[in-house]
Student: 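One structure, pasted below without further comment.
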Amino acid sequence: MKHKTYWAFGLTLLAASWAQALTVAPYSAEALNKLQAAGEPVALHFHADWCPTCRAQDKALEVLKADTALNIAVLTVDYDKESELKKQLKVLGQSTFVVYRGKVEKKRQIGETSPDGIRMALRAAL
């Protein structure tokens with residue numbers, strides 16, 4: 001199953017590089033490491049299925065996929081399962097975006113649900 005996930009993620013990133021648009025894929029340490037090592041813009045979205053704010057953020061991300069100037073990968077982190085990553089990054093709540101350019105954190109945003117607000121945070125990495 002992992003190979004299928006990585007394969008799908010790879011296709012998503014390839015499609016994004018052609019279209020120059022936002023992509024959303026499940027988090028994996030390997031995917032994050034590859035994007036950061038390449039100096040690419042990437043955001044971690046700490047998400048919980050039970051969180052209404054997170055669901056609103058999902059809708060905003062769907063809207064942002066149409067923005068071809070927003071060339072960034074958003075990796076969705078399962079807030080309930082990735083305890084070590086939360087601790088390492090000092091993420092205190094779900095609905096948090098941590099935005100990077102390579103390995104440098106550029107922006108952190110909690111609870112924003114509007115497409116424009118999320119776009120502004122993601123652009124910090126571009």
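Starting from 1, each residue takes its place in the sequence as its number. Only a predicted model underlies this, so the values are computations on that prediction, with no experimental measurement involved.
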Student: Test your reading of the model: is there a side-chain donor-acceptor pair from Arg108 to the backbone of Val99, 3.5 Å cut-off?
Tutor: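 No; zero donor-acceptor contacts below 3.5 Å.
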Student: Can you spot which of Leu61, Asp67, Ile72 makes a side chain to side chain contact (heavy atoms under 4.5 Å, CB included) with Arg119?
Tutor: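 Of the listed options, the one satisfying the test is Asp67.
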Student: Could you check whether atom CG of Asp49 has more than 12 heavy atoms from other residues, nucleotides or ligands sitting under 6.0 Å from it?
Tutor: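 No, because the 6.0 Å sphere around CG of Asp49 holds 12 heavy atoms or fewer from other groups.
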Student: Report the C-alpha distance between Glu84 and Lys87 in whole Å, list the side-chain angles of each, state the deciding distance to 0.1 Å, and finish with yes or no for side chain to side chain contact (heavy atoms under 4.5 Å, CB included).
Tutor: CA-CA 5 Å; Glu84 284 303 311; Lys87 186 187 308 184; 3.8 Å; yes
Student: For Lys65, I'd like to know if atom NZ has over 12 heavy atoms of other residues, nucleotides or ligands within 6.0 Å.
Tutor: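 Atom NZ in Lys65 is packed in, count exceeds 12.
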Student: How long is the straight-line distance from CG of Asp58 back to OG1 of Thr53, given to the nearest 0.5 Å?
Tutor: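 So the OG1 of Thr53 and the CG of Asp58 are separated by 11.0 Å.
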Student: Could you measure the distance from the CG atom of Leu44 to the CG atom of Leu75? Nearest 0.5 Å is fine.
Tutor: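 Those atoms lie 6.0 Å apart.
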Student: Where do Ile118 and Ala60 come nearest, in terms of heavy atoms and distance?
Tutor: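 Heavy atoms only, the tightest pair is CD1-CB, 3.7 Å.
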Student: For Tyr79, does its backbone N or O pair with a side-chain atom of Lys86 as donor and acceptor, under 3.5 Å?
Tutor: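 Present.
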Student: How are the rings of His45 and Phe97 set relative to one another: parallel (under 30°), tilted (30 to 60°) or perpendicular (over 60°)?
Tutor: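 It falls in the parallel class, under 30°.
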Student: Transitively linked via ILVMFWY side-chain contacts under 4.5 Å: Val24 with Leu126?
Tutor: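 Yes, Val24 connects to Leu126 through the hydrophobic network.
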Student: For the residue pair Ala73 and Leu35, what are the closest heavy atoms and their distance?
Tutor: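 So the minimum-distance heavy-atom pair works out to CB-CD1, 3.9 Å.
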Student: Measure across Gly39 and Arg101 and return the closest heavy-atom pair with its distance rounded to 0.1 Å.
Tutor: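 Smallest interatomic distance, heavy atoms only, reads O-NE, 3.1 Å.
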Student: Distance-only, no hydrogens or angles: does the Glu112 side chain make a donor-acceptor pair with backbone N or O of Ala121 under 3.5 Å?
Tutor: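 No; zero donor-acceptor contacts below 3.5 Å.
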Student: Between Glu105 and Val98 (side chain of the first, backbone of the second, donor and acceptor by atom type, cut-off under 3.5 Å), is there such a pair?
Tutor: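 Checking the backbone N and O of Val98 against the side chain of Glu105, no donor-acceptor pair under 3.5 Å is found.
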Student: Can you name the closest pair of heavy atoms from Asp80 and Ser83 and give their distance?
Tutor: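 What the structure gives for the nearest pair is O-OG, 4.4 Å.
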Student: So do Tyr27 and Leu32 actually touch side chain to side chain, heavy atoms under 4.5 Å?
Tutor: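 In contact.
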Student: Measuring from Asn33:CG to Lys103:NZ, what's the distance to the nearest 0.5 Å?
Tutor: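 Going from the CG atom of Asn33 to the NZ atom of Lys103 covers 6.5 Å.
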Student: At their closest point, which heavy atom of Cys54 faces which heavy atom of Phe46, and how far apart are they?
Tutor: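 Nearest heavy atoms, Cys54 then Phe46: SG-O, 4.1 Å.
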Student: In Å, rounded to the nearest 0.5 Å, how long is the span from OG of Ser114 to NZ of Lys59?
Tutor: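 If we round to the nearest 0.5 Å, Ser114:OG and Lys59:NZ are 14.5 Å apart.
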Student: Calculate, to the nearest 0.5 Å, the distance between atoms CE and NZ belonging to Met120 and Lys107 respectively.
Tutor: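 It is 6.5 Å, given to the nearest 0.5 Å.
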Student: Of all the heavy-atom pairs spanning Asn71 and Ala21, show the shortest one and how long it is.
Tutor: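 Taking every non-hydrogen atom into account, OD1-O, 3.8 Å.
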